[in-house]
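Heads up, the thing below is written out as structure tokens.
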Amino acid sequence: YSIQDLQLSPNGEFLISASRDKTAALLDVNDLKKLKQYKSERPVNSACIAPNRDHICLGGGEDAMQVTQTSVSAGHFEAKIYHMVFEEEFARFKGHFGPINTMAWHPSGTIIATGGEDGMGLGIERKISFFLGFWHENR
């Protein structure tokens, strides 16, 4: 399966890969050893590591052209947040009507920016969109 995205953690210790095989992997930056794997029910196009918490965010979804023939909910376009150590999803947020192709955490760790292809209609119109997700964790 192809790797869609590879991002360095803010502290430079880890890499995270996003793959079409519906997984993301946390890698040691020194030897590229796989440390953790995060599983999704859809292809993962982008993944990023929070700057100040043990959180990973994944985004993706089914190909936009396939989704035009099904319902939007079938595409799984939510951004999903996982605990970095326990590999468990604990939150998700919606905002896109097409696949998420890129994402990044704000340095504060409370905002996630995502970009994707929304409004595909019948495949004639192609619209790039940007979405900000505000993340607040009760402590």
Side-chain angles (χ1 to χ4, degrees):
Y1 291 96
S2 64
I3 293 176
Q4 301 297 104
D5 190 19
L6 190 64
Q7 292 193 28
L8 184 65
S9 67
N11 64 10
E13 294 179 9
F14 305 105
L15 286 169
I16 190 157
S17 66
S19 178
R20 300 290 301 162
D21 72 352
K22 303 178 183 179
T23 66
L26 186 69
L27 310 168
D28 183 296
V29 76
N30 296 310
D31 59 10
L32 299 181
K33 178 182 175 186
K34 187 189 316 182
L35 304 173
K36 300 288 180 179
Q37 186 172 36
Y38 311 93
K39 296 179 182 176
S40 180
E41 67 275 356
R42 42 90 195 282
V44 182
N45 295 337
S46 188
C48 56
I49 302 170
N52 53 4
R53 293 182 171 96
D54 290 336
H55 297 167
I56 302 291
C57 191
L58 308 183
E62 298 299 331
D63 289 333
M65 288 302 292
Q66 291 177 341
V67 175
T68 60
Q69 305 179 359
T70 63
S71 70
V72 170
S73 62
H76 299 284
F77 305 131
E78 304 94 358
K80 298 169 59 174
I81 302 175
Y82 290 73
H83 191 279
M84 185 166 55
V85 177
F86 301 120
E87 303 174 34
E88 295 176 356
E89 178 190 347
F90 64 89
R92 62 174 66 188
F93 59 91
K94 297 179 181 183
H96 287 278
F97 297 99
I100 296 171
N101 292 327
T102 189
M103 59 181 17
W105 286 88
H106 184 275
S108 70
T110 60
I111 300 170
I112 301 168
T114 60
E117 303 171 49
D118 290 342
M120 291 298 290
L122 297 174
I124 300 167
E125 174 188 338
R126 189 175 194 126
K127 183 170 92 178
I128 305 302
S129 64
F130 175 76
F131 177 74
L132 289 177
F134 296 90
W135 172 246
H136 175 70
E137 179 182 35
N138 294 328
R139 292 185 176 229

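We count residues from 1, following the sequence as given.
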Whether the side chain of [X] engages the backbone of [Y] through a donor-acceptor N/O pair (distance < 3.5 Å, no angle test) should be reported.
X	Y	value
R42	E78	yes
Q7	A47	yes
N45	A18	no

Starting at [atom1] of [X], measure out to [atom2] of [Y] and round the result to the nearest 0.5 Å.
X	Y	atom1	atom2	answer
I16	Y82	CD1	OH	10.0 Å
L6	S46	CG	OG	10.5 Å
C57	R92	SG	CZ	11.0 Å
S40	L58	OG	CG	6.5 Å

* To do: List in chain and number order the residues that pass side chain to side chain contact (heavy atoms under 4.5 Å, CB included) with N30, two or more places apart in sequence or in another chain; answer none if no residue qualifies.
  =>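 N30: side chain to side chain contact (heavy atoms under 4.5 Å, CB included) contacts with D28.
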* side chain to side chain contact (heavy atoms under 4.5 Å, CB included) with T23: which residues, sequence neighbours excluded? -> S19, D21, Q37, K39
Could you tell me which non-hydrogen atom of [X] sits nearest to which non-hydrogen atom of [Y], and how far apart they are?
X	Y	value
P51	P107	CG-O, 3.4 Å
T110	S108	OG1-OG, 2.8 Å
M103	A79	CE-CB, 4.0 Å
L32	L27	O-CD2, 3.9 Å
I3	S17	CG2-CB, 4.2 Å
K22	P43	CG-N, 3.7 Å

* Quick one: are I49 and N11 in side-chain contact, heavy atoms under 4.5 Å? -> no
* **Non-hydrogen side-chain atoms of V29 and F14 separated by less than 4.5 Å** => no
* With sequence neighbours excluded, what pairs up with H106 under the ring-ring contact (aromatic ring centres under 6.0 Å, His included) test? -> none
* **Any donor-acceptor N or O pair under 3.5 Å, side chains Y38, K36** =>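 No, no side-chain donor-acceptor pair sits under 3.5 Å.
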* Asked: Do V44 and L26 sit in the same hydrophobic cluster, where Ile, Leu, Val, Met, Phe, Trp and Tyr count as joined when their side-chain heavy atoms come under 4.5 Å apart?
  ->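 Same cluster: V44 reaches L26 through Ile, Leu, Val, Met, Phe, Trp or Tyr contacts under 4.5 Å.
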